[in-house]
Amino acid sequence: MTATPDDDALSWAGENDPTLSADGVNARPDPAQGRAATPPTTANPATVSEADADGGDIAPAADGVRGSAELVLTGILAGIYLLYTIGWFIGVGRITNPAGEPVAAFMFSLGTWLAVAAPAVWFGVSYALTDGRPRIRLVWLILGVVLLAPVPFILGSGVGA
């Protein structure tokens, strides 16, 4: 490392900003003192919970753990919705079209394709419209898992005879 940070090959403007590091401490050594720079006197706002913002003891917020759990649960629910789409596709393929008229046959066909698309559409709309509200998103996704179960696939309708 050179005497001034400006001579370093891989430096950029603002890299010594204490808010860029995870713990609020500048990890780059101070060249004038030969040791790490002293930590700032104020806490990093990203690690202060709302209850401690008034000057109480500063503790890291549990947002990282909550965010990871939400991500894993959302991934599991996305897999369930994918399986539901596949189940609806297989279940609808087993059903024979009972309608004899062209309009009724078209409407039956349209309904079956909408049933196949419903889990994917529900997931996409729930995910898009609840951006920034993870609890509400999970409620809507779990509600969709209950409501959109591929009943023709589960019951095996249209098979046999």
Side-chain angles (χ1 to χ4, degrees), residues 10 12-28 39-40 42-161:
L10 298 175
W12 60 91
E15 71 179 341
N16 294 330
D17 186 9
T19 60
L20 295 177
S21 63
D23 57 357
V25 177
N26 187 354
R28 185 180 187 121
T42 59
N44 186 355
T47 61
V48 178
S49 64
E50 291 178 21
D52 296 327
D54 62 350
D57 291 337
I58 297 174
D63 290 338
V65 174
R66 188 180 318 136
S68 297
E70 291 165 4
L71 181 65
V72 168
L73 189 57
T74 302
I76 290 170
L77 289 171
I80 291 171
Y81 278 98
L82 177 64
L83 291 175
Y84 275 14
T85 302
I86 294 169
W88 272 108
F89 184 75
I90 293 170
V92 163
R94 294 178 181 171
I95 299 174
T96 58
N97 190 346
E101 297 179 16
V103 174
F106 170 76
M107 294 304 290
F108 183 83
S109 178
L110 178 66
T112 57
W113 285 110
L114 289 176
V116 170
V121 170
W122 185 289
F123 182 82
V125 169
S126 297
Y127 195 83
L129 293 181
T130 58
D131 190 29
R133 299 177 300 222
R135 288 183 184 153
I136 295 172
R137 174 184 293 157
L138 291 176
V139 167
W140 278 105
L141 290 176
I142 291 171
L143 182 67
V145 166
V146 173
L147 294 176
L148 297 172
V151 178
F153 178 74
I154 293 171
L155 297 179
S157 63
V159 178

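Closest approach of Glu70 and Pro134 over heavy atoms only: OE1-CB, 3.3 Å. Considering every non-hydrogen atom in both Ser126 and Trp140, the closest pair reads OG-CB, 3.9 Å. Across all non-hydrogen atoms, the minimal contact from Pro119 to Thr85 is CB-OG1, 3.4 Å. Residue Thr96 comes nearest to Phe108 through the heavy atom pair O-CZ, 4.0 Å, listed as atom of the first residue, atom of the second, then distance. The minimum heavy-atom distance between Trp88 and Val151, with the atom names listed, is CZ2-N, 4.1 Å. When all heavy atoms of Gly87 and Pro150 are compared, the pair lying nearest together is C-CB, 3.8 Å.
In this structure, Asp131 CG and Ile136 CD1 are separated by 12.0 Å, a value rounded to the nearest 0.5 Å.
Between Leu138 and Leu77, the closest side-chain pair of non-hydrogen atoms falls below 4.5 Å. With contacts defined as side-chain heavy-atom distances shorter than 4.5 Å, the pair Thr130/Arg135 does not qualify. Using a 4.5 Å heavy-atom cutoff, the side chains of Glu101 and Phe106 are not in contact.
Side chain of Thr112 to main chain of Ser109: a donor-acceptor pair is present (N/O by atom type, distance under 3.5 Å, no hydrogens or angles). Using modelled atom types, no side-chain atom of Tyr81 and backbone atom of Ile76 make a donor-acceptor pair closer than 3.5 Å. Side-chain atoms of Tyr84 come within 3.5 Å of backbone atoms of Val145 as a donor-acceptor pair (strictly under, hydrogens ignored).
In the displayed structure, Trp122 atom CH2 is contacted under 6.0 Å by more than 12 heavy atoms of other residues, nucleotides or ligands.
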